[in-house]
Number of protein chains: 2
Amino acid sequence: MAATIKDVASKAKVSIATVSLVIHDNDRISPETKKKVLKVIKQLDYHPSKSARDLVSQKTGNIGFILTDDHFLRTEPFYTRIFLGTEFEARDSGFYILLTTVASDYSDNDPLPRFILDRSVDGVIIAGKVPHNLIDRIAKYKLPLIFVDYVLEGDEYPVVLIDNIQGGILATNHLIDYGHKNIAFIGGDIQHPSIYNRLMGYSRALENAGIKHNDKYIHTTSPYPDRQNGYGAAKVLFKKNKNITAVFACNDAMAIGAMHYLKDNGYHIPHDVSIIGFDDVEVDLMLDPPLTTIRVPKIDLGTEAFRLMMEVLKNKNTNRKKILVPVELIIRKSTKKL
Amino acid sequence: MAATIKDVASKAKVSIATVSLVIHDNDRISPETKKKVLKVIKQLDYHPSKSARDLVSQKTGNIGFILTDDHFLRTEPFYTRIFLGTEFEARDSGFYILLTTVASDYSDNDPLPRFILDRSVDGVIIAGKVPHNLIDRIAKYKLPLIFVDYVLEGDEYPVVLIDNIQGGILATNHLIDYGHKNIAFIGGDIQHPSIYNRLMGYSRALENAGIKHNDKYIHTTSPYPDRQNGYGAAKVLFKKNKNITAVFACNDAMAIGAMHYLKDNGYHIPHDVSIIGFDDVEVDLMLDPPLTTIRVPKIDLGTEAFRLMMEVLKNKNTNRKKILVPVELIIRKSTKKL
DNA sequence: TATTCTCAGTTAAACGTTTAACTTGTTTCC
DNA sequence: GGAAACAAGTTAAACGTTTAACTGAGAATA
């Protein structure tokens, strides 16, 4: 069995309180005593029990991390990387991350994540869109809550977001710089704030360049921004509009789908059509041609979320903090000067 | 603050022991009392504190999951999916998985994963190859240890492995079936048991088919089985041997690298050269042509590991268990009849 | 009728820490 | 020279459970 504080105390001939104070580097303990105790601690390879600490301190040193199962199972490791960022940062602070997924069609009869009920987390990070009724239920437990890559409209939670508007501007400006004027936008559900903001960036960039906004070039009726819907959106757009020369897809998955449609229908990329995505997922480089895109620093999103959590945990500072993580234009081969 | 067992006890006018017994469905409690207590539990939304439980039961309900950081950061989500499998299975059993990565060049001065020291796990799952000195140090703590996709030669730990030999046979037989005789093998470090066994499968299949084993067709001197080394290996092999018609790469990453080399040098796949990989990673489908490969059920590896852990935890049955997870041939477009 | 059993609980110790409050001996201050 | 301050600890309660050992009342047994 592992050594306990008692073993250390008796071997060092001091009280357990003294051992505890030594561990916490309290200056009420003389240097000699401290040295003696530390020696015994090393000898016995003593490490305080987390269970005991958690109980007495009424903290856990754990942070819950919630996302929907379909986000976690997505082919592109987007949220997985956000999780990783959180995990790395947490380790440096001596925290553990308890990951759990919830059904994307979470109903009120479904159980809450267990770590909330059994009080084994000090706070919860919610990544990506999750069902609203779940958020409502969690909120009742008064745990510090941080959102990443998603916000509830009008809610007061601290949040880490991608600078989607800026990304939309960057992407659209790139196409404009390349001489394009007839630029299509492919998006999923426009209710999703990320997609909405990317579209906002698109509109703003067009406006700044004095290019007329053409609603026919915008497709935002797909429920999910995935490959298949990207294919479908491209089909709709290109059947109706013969003069589109460039496409800005709201994410890489849709961009890939659109690329497939175009290739299947004899368009050459980037010769006939330029295409730019958003996210910079791993496969982009493997595509033919490699996809120009807006890079989202996924790891950073995760680390920022954890840092924000630490801040909230320290300050009890509940006034809303919003961190906007900057994005970057990555030019590859799928876009070309007109 | 959340309700405690005391709150329940006083509101239900029973002792806390009674509440505890009700929770554990002990039949020493009369149906009426049980009903009464359960009602109060529901009213107060009471859930036992995990910290307290952990402390008194001297268990944690946590399992540690260790892999090296480069395995976790790999582009292809291989170990991430194994982790997922473990995580899903764990949730069903009410366990948490504490994930941690260690440096792949772990030195004895580096700290051990914290969850081992502070006793916050009941057992540890080790995924993929990790440094031997780390294993030695962990072993001292006498925690139940399970390996996934890696074994220490001669060690007695329970382990979940891919059926690599069978996979090697499947892959090679497929090429033989397609009429190939001059089949190259591209591998990374042959010391790695997985790669070694895939090569064994290759050899055995050739032997069974009565095809002469040609050492010149085998390249196993790359340190890591990644894309870049796949490219390099293909270069070496095809510069020396003009008559190779098929390649079996020890994993998809190397296969993709080899494909790139071949394309760069005017070979047409699968017309000039057939190529088969191993793993079935996500990008395979996106390749041109889509890669024929051996599918490894990654999620299953993770769930099996967790199940094995539960078994060990229950039975204290330390005699070595070895679970071999079967693989499957996935025929796509990168292989072709000669 | 006295004894033993069974039932349905209760009491209290234990798990391994942290920390407020106390103690005891020595300095410092006026 | 006595009070006050300080230094270096120790004592004991508390955190929220589980569980072995106990209790007291009524039922069954001899």
Side-chain angles (χ1 to χ4, degrees), chain A residues 1-38 40-41 44-62 94 114-122 141, chain B residues 1-38 40-41 44-62 94 114-122 141:
Chain A
M1 272 291 97
T4 72
I5 200 170
K6 267 189 206 161
D7 303 328
V8 175
S10 69
K11 184 152 189 192
K13 299 194 200 309
V14 294
S15 71
I16 61 165
T18 302
V19 177
S20 181
L21 293 172
V22 166
I23 291 167
H24 293 89
D25 207 23
N26 187 305
D27 52 9
R28 228 188 317 164
I29 306 298
S30 71
E32 308 92 71
T33 311
K34 190 179 276 183
K35 191 169 285 176
K36 182 176 64 179
V37 171
L38 285 174
V40 174
I41 285 179
L44 298 183
D45 191 26
Y46 167 71
H47 298 267
S49 147
K50 188 160 141 56
S51 312
R53 277 196 162 165
D54 286 358
L55 180 58
V56 69
S57 70
Q58 295 292 79
K59 302 199 175 134
T60 70
N62 299 146
R114 207 165 46 80
F115 53 56
I116 293 178
L117 299 175
D118 65 15
R119 284 160 280 167
S120 41
V121 295
D122 299 336
Y141 288 83
Chain B
M1 271 294 93
T4 73
I5 199 170
K6 267 189 207 165
D7 303 328
V8 175
S10 67
K11 184 153 191 190
K13 300 195 198 309
V14 296
S15 71
I16 62 165
T18 301
V19 178
S20 180
L21 292 172
V22 167
I23 291 168
H24 293 91
D25 207 21
N26 188 305
D27 52 9
R28 227 186 317 160
I29 305 298
S30 72
E32 310 92 70
T33 311
K34 190 178 278 185
K35 192 168 285 179
K36 180 176 64 177
V37 170
L38 285 175
V40 174
I41 286 179
L44 299 184
D45 191 27
Y46 166 71
H47 298 267
S49 147
K50 187 160 142 55
S51 310
R53 275 197 162 162
D54 286 357
L55 180 59
V56 69
S57 69
Q58 297 291 77
K59 300 195 177 142
T60 70
N62 300 146
R114 205 164 49 79
F115 55 53
I116 294 179
L117 298 175
D118 65 16
R119 285 161 278 167
S120 41
V121 296
D122 299 338
Y141 287 82

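To find a chain, count down the sequence lines: A is the first, B the second, and so on, and within it residues start at 1.
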Need one value for B:Ser57: base, sugar-phosphate or nothing, where a base atom within 4.0 Å counts as base even if backbone is also close, heavy atoms only. nothing
Could you tell me whether the phosphate oxygens of D:dT10, OP1 or OP2, come under 4.0 Å of any side-chain nitrogen or oxygen in A:Thr18? yes
Check the phosphate of C:dA20 against A:Arg28, side-chain N and O only, distance under 4.0 Å to OP1 or OP2. Yes or no? no
Do A:Lys34 and A:Asp25 have side chains that get closer than 4.5 Å, going by heavy atoms? yes
Any B:Arg53 side-chain nitrogen or oxygen under 4.0 Å from OP1 or OP2 of D:dT18: yes
Distance check: side-chain N/O of B:Gln58 vs OP1/OP2 of C:dA14, anything under 4.0 Å? no
A:Ser30 side-chain N/O to D:dA8 phosphate OP1/OP2 under 4.0 Å: no
Rounded to the nearest Å, what distance is computed from the NE2 atom of residue A:His47 to the P atom of nucleotide C:dT17? 11 Å
According to a strict under-4.0 Å criterion, is A:Thr33 in side-chain N/O contact with OP1 or OP2 of D:dG9? yes
So do the side chains of A:Lys11 and A:Asp7 get within less than 4.5 Å of each other, counting heavy atoms only? no
Provide, to the nearest angstrom, the distance between the CG atom belonging to A:Asp7 and the P atom belonging to C:dC15. 11 Å
Please give, in whole Å, the distance from D:dT10 P to A:Lys6 NZ? 16 Å
Need one value for B:Ile29: base, sugar-phosphate or nothing, where a base atom within 4.0 Å counts as base even if backbone is also close, heavy atoms only. sugar-phosphate
Between CG of A:Leu21 and P of C:dT18 the distance, given in whole Å, is 9 Å
What is the separation between atom NZ on A:Lys50 and atom C1' on D:dC15, rounded to the nearest whole Å? 15 Å
Mind calculating the distance between CG (B:Asn26) and P (C:dC7) to the nearest angstrom? 12 Å
Give one of base, sugar-phosphate or nothing for B:Thr4, where a contact means two heavy atoms less than 4.0 Å apart. sugar-phosphate
Could you check A:Tyr46 against B:Lys34 and say which one's nearest nucleotide on DNA chain C is further toward the 5' end? B:Lys34
Looking only at side-chain atoms of B:Ser15, point me to the closest of D:dT11, C:dT10, D:dG16. C:dT10
Please tell me whether B:Asp122 and B:Thr60 have a donor and an acceptor in their side chains that are separated by less than 3.5 angstrom. yes
Give a yes/no on whether any side-chain N or O of A:Ser49 is located under 4.0 angstrom from OP1 or OP2 of C:dG16. no
Rounded interatomic separation in angstrom, taking CD1 from A:Ile5 and P from D:dA12: 17 Å
CA sep, side-chain torsions, deciding dist, call: B:Val19, B:Lys6, side-chain contact (heavy atoms from CB on, under 4.5 Å): CA-CA 9 Å; B:Val19 178; B:Lys6 267 189 207 165; over 6 Å; no
Could you check how far CG of A:Leu55 sits from P of C:dT18, rounded to whole Å? 12 Å
